[in-house]
Amino acid sequence: MSSTGFAFANPQPSPDNFDTFDPKDVYADSGIQTTPVTEPIPAPWKNPPVMALADVWGASVVQQIQTAAEIVFHSVGDTGGIKEPSHQFAVADALSADLAGKDYGSGRASFLFHLGDVVYYFGQERYYYDQFYDPYRDYAGPIFAIPGNHDGVLFASEPVQYSLQPFYQNFCSRQPTKDPSAKGFARTTLTEPGVYFTLNAPFVKIIGLYSNTSETTGVLSGGAAGTQQSSFLVAQLQAAAAQRAVKGSDPFALIMAVHHPPFTISSQHFPSPQMLQEIDNACKTAGIWPDLVLSGHAHLYERYSRVMASDGRQIPYLVAGNGGYFNLSAVRTGQKGALPKPGVPGNDGKGNKLTLDAYNDKVYGFLRLTVNSSTISCQALGVDETSGAVSTVDQFTLDLTKHVVVAGSSAARRGGKKKAAGGPKREGPFVSRSRPSGKRK
């Protein structure tokens, strides 16, 4: 338990038991069909919705991170272990194992930042035990999260008062409490001030956004979503720019997290150019750009480099939607089944060079990010579901002063057996594709 009243991992590790889950819970509500609509975004319980890592870990841990002169954290999305829980449990076990035997001076991760789609298919409270509390029962750290479309989408008779109610109860409580869905597990709820929020930590500021419920493209504002989130984004970017302008202020990386990816080659998903334009407009208004953008939604790993025509800075855009959802996304193919070729420059449709640097559509895994005063280093790690071994499928380092990727290498799989031609297909209750299951005990 942290000094501030939060509990994370169970006192003693325990073996995976997903083979004992009720099949009705494993398949959840996969038979229900619905047409997603843009939903109102629940208001933050604190304004502005900003929190600090010290609010959760306490001052002592934050001091240890500062003494280490770097912060390490994990990130992944689309974890809900629907239909075949073994994939999620394999990744969750690897995340927990990555904490073992380390302190903050030797690379211990301070937290996991979840990129959305915590619970499939409709974010119901009854599935938080199977898809969240049980898989991460041994993860000895806080789990922050932004919602994905499946966390907020509703079906006609869903017994909730508003979209994202279960997510709000588990991640946005005013005080750390034991949610009934946790049952006998130690983990308490988190106290994010809203479903969109800023997390301030040593060496890094993360702005988390909610891109609503569409299966296709992300929506930040307009219509039922209102304008509060877009106002929040501009205000937080302006605050970040002002903070950097103060002479002698502590340097920090600015990371943006949003569930729907601005760019993707997934055969089952779409990029979100209008959402990206809204983010770009906010950045131009504030006079600051993110150093890194993290997304999920597409169930694979992807890395892009976007070179801004205005000043030549490189911004990496990562998709890490391979956290456990049973149906990994094959990449969209070209003529005669041609696979995408990493390293070939293209453009983003807005006058900026865009390059697909790496992708992997075969392996479940997670991100491990290390941030210090001058660089962001990222490892995309793949998990062998049989042995539990972890290997690096891609890695790079971003220079925060020059705003360029100064080192990068990829073992990311570029092609293979899993191919898909044609346009995106709908996922979840609308897709009948399956993968062979494999249980680990």
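For the single chain, residues carry numbers from 1 onward in sequence order. Quick caveat: nothing in here was measured; it's all calculated off a predicted structure.
With rounding to the nearest 0.5 Å, the separation of SG in Cys283 from CG in Leu233 is 6.5 Å. Note that CD1 of Ile206 is 11.5 Å distant from CE of Met256, once rounded to the nearest 0.5 Å. Between the CD atom of Gln379 and the CG atom of Leu369 there is a distance of 9.0 Å, given to the nearest 0.5 Å. To the nearest 0.5 Å, atoms CE (Met275) and CG (Leu220) are separated by 6.0 Å. A distance of 10.5 Å separates CG in Asn170 from CD in Gln165, rounded to the nearest 0.5 Å. Taken to the nearest 0.5 Å, the CZ atom of Arg303 stands 7.5 Å off from the CG atom of Leu318.
Side-chain contact between Lys362 and Leu328 is absent, with no heavy-atom pair separated by less than 4.5 Å. Between Leu354 and Asn347 there is no side-chain heavy-atom pair separated by less than 4.5 Å. Using a 4.5 Å heavy-atom cutoff, the side chains of Val219 and Gln274 are not in contact.
Side chain of Asn372 to backbone of Ala69: no donor-acceptor contact under 3.5 angstrom is found. Looking at Gln229, its side chain never comes within 3.5 Å of a backbone N or O of Leu209 through a donor-acceptor pair. At distances below 3.5 Å, at least one donor-acceptor pair connects side-chain atoms of Asp151 with backbone N or O atoms of Val119. In this structure a side-chain-to-backbone donor-acceptor pair under 3.5 Å is missing from Arg332 to Gln268. The main-chain N or O of Glu215 is found under 3.5 Å from a side-chain atom of His297 such that the two form a donor-acceptor pair.
In this structure, Arg313 pairs ionically with Asp311, as a charged nitrogen and a carboxylate oxygen lie closer than 4.0 Å. A salt bridge does not link Lys205 with Asp291: every distance from a Lys NZ or Arg NE/NH1/NH2 to an Asp or Glu carboxylate oxygen is 4.0 Å or more. With salt bridges taken as basic N to acidic carboxylate O contacts below 4.0 Å, none links Arg126 and Asp22.
Residues Ala298 and Thr264 approach most closely at CB-OG1, 3.4 Å, considering heavy atoms. Scanning both residues, Phe252 and Val204, for their nearest heavy atoms gives CB-N, 4.0 Å. Nearest heavy-atom pair, Gly152 versus Ser163, reported as atom, atom and distance to 0.1 Å: O-OG, 2.6 Å. The two residues Val363 and Gly382 come nearest to each other via the heavy atoms CG1-CA, 3.4 Å. The two residues Val331 and Pro340 come nearest to each other via the heavy atoms CG2-CD, 3.7 Å. In this structure, Pro202 and Ile71 approach most closely via the heavy-atom pair O-CG2, 3.3 Å.
Judged purely by distance below 3.5 Å, without hydrogens or angles, the side chains of Asp93 and Ser96 never pair a donor atom with an acceptor atom.
The aromatic rings of Phe113 and Phe197 sit parallel, their planes meeting at an angle under 30°, below the 60° perpendicular limit. Between Tyr121 and Tyr325, the angle of the ring planes goes over 60°, which puts this pair in the perpendicular group of the 30/60° scheme. Ring geometry for Tyr136 against Phe132 counts as tilted: the plane angle lies between 30° and 60°, on a 0 to 90° scale. Ring pair Phe185/Tyr129 is parallel by interplanar angle, where below 30° counts as parallel and above 60° as perpendicular. Between Phe263 and Tyr304, the two ring planes are tilted [angle within 30° to 60°].
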(request) Could you check Asn149 against His260 for side chain to side chain donor-acceptor pair (under 3.5 Å), going step by step and ending with a plain yes or no? (result) CA-CA 8 Å; Asn149 57 299; His260 289 78; 4.5 Å; no
(request) Start with the C-alpha gap between Tyr317 and Leu276, add the side-chain angles, then the distance that decides, and say whether side-chain contact (heavy atoms from CB on, under 4.5 Å) holds. (result) CA-CA 11 Å; Tyr317 287 74; Leu276 177 62; 4.0 Å; yes
(request) Dump the intermediate steps for side chain to side chain donor-acceptor pair (under 3.5 Å) on Ser221 and Glu278, then the final yes or no. (result) CA-CA 9 Å; Ser221 65; Glu278 183 168 356; 2.6 Å; yes
(request) Please report the C-alpha distance between Glu39 and Asn212 in whole Å, then the side-chain angles of each, then the deciding distance to 0.1 Å, and finally whether the side-chain contact (heavy atoms from CB on, under 4.5 Å) criterion is met. (result) CA-CA 7 Å; Glu39 297 285 354; Asn212 226 283; 3.9 Å; yes
(request) Assess whether side chain to side chain donor-acceptor pair (under 3.5 Å) is satisfied between Glu125 and Ser181, documenting all intermediate values. (result) CA-CA 7 Å; Glu125 176 74 16; Ser181 292; 2.6 Å; yes
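Environment of CD in Gln277: crowded, with over 12 heavy atoms of neighbouring residues, nucleotides or ligands closer than 6.0 Å. Around atom OH of Tyr27, no more than 12 heavy atoms belonging to other residues, nucleotides or ligands sit under 6.0 Å away. In the displayed structure, Lys402 atom NZ is contacted under 6.0 Å by at most 12 heavy atoms of other residues, nucleotides or ligands.
Listed by chain and number, the residues in a side-chain hydrogen bond (donor to acceptor under 3.5 Å, both in side chains) with Asp280 are Arg306 (sequence neighbours excluded). By the side-chain hydrogen bond (donor to acceptor under 3.5 Å, both in side chains) test, Asp250 pairs with no residue at all, sequence neighbours left out. Residues satisfying the side-chain hydrogen bond (donor to acceptor under 3.5 Å, both in side chains) test with Asp130, not counting sequence neighbours, are none. Applying the side-chain hydrogen bond (donor to acceptor under 3.5 Å, both in side chains) rule to Glu70 yields no partners; only residues at least two apart in sequence or on another chain are considered. Residues passing the side-chain contact (heavy atoms from CB on, under 4.5 Å) test with Thr189, sequence neighbours excluded: Tyr133, Ser173, Thr177, Asp179.
Within the structure, every pair that satisfies the ring pair (Phe, Tyr, Trp, His ring centres under 6.0 Å) test and touches residues 216-240, not counting sequence neighbours, is listed here: Tyr196-Phe232.
The residue from Tyr364, Phe18, Phe366, Phe326 that alone fulfils the ring pair (Phe, Tyr, Trp, His ring centres under 6.0 Å) condition with His87 is Tyr364.
The six-membered or imidazole ring of His74 lies near that of Tyr139, with a centre-to-centre distance under 6.0 Å.
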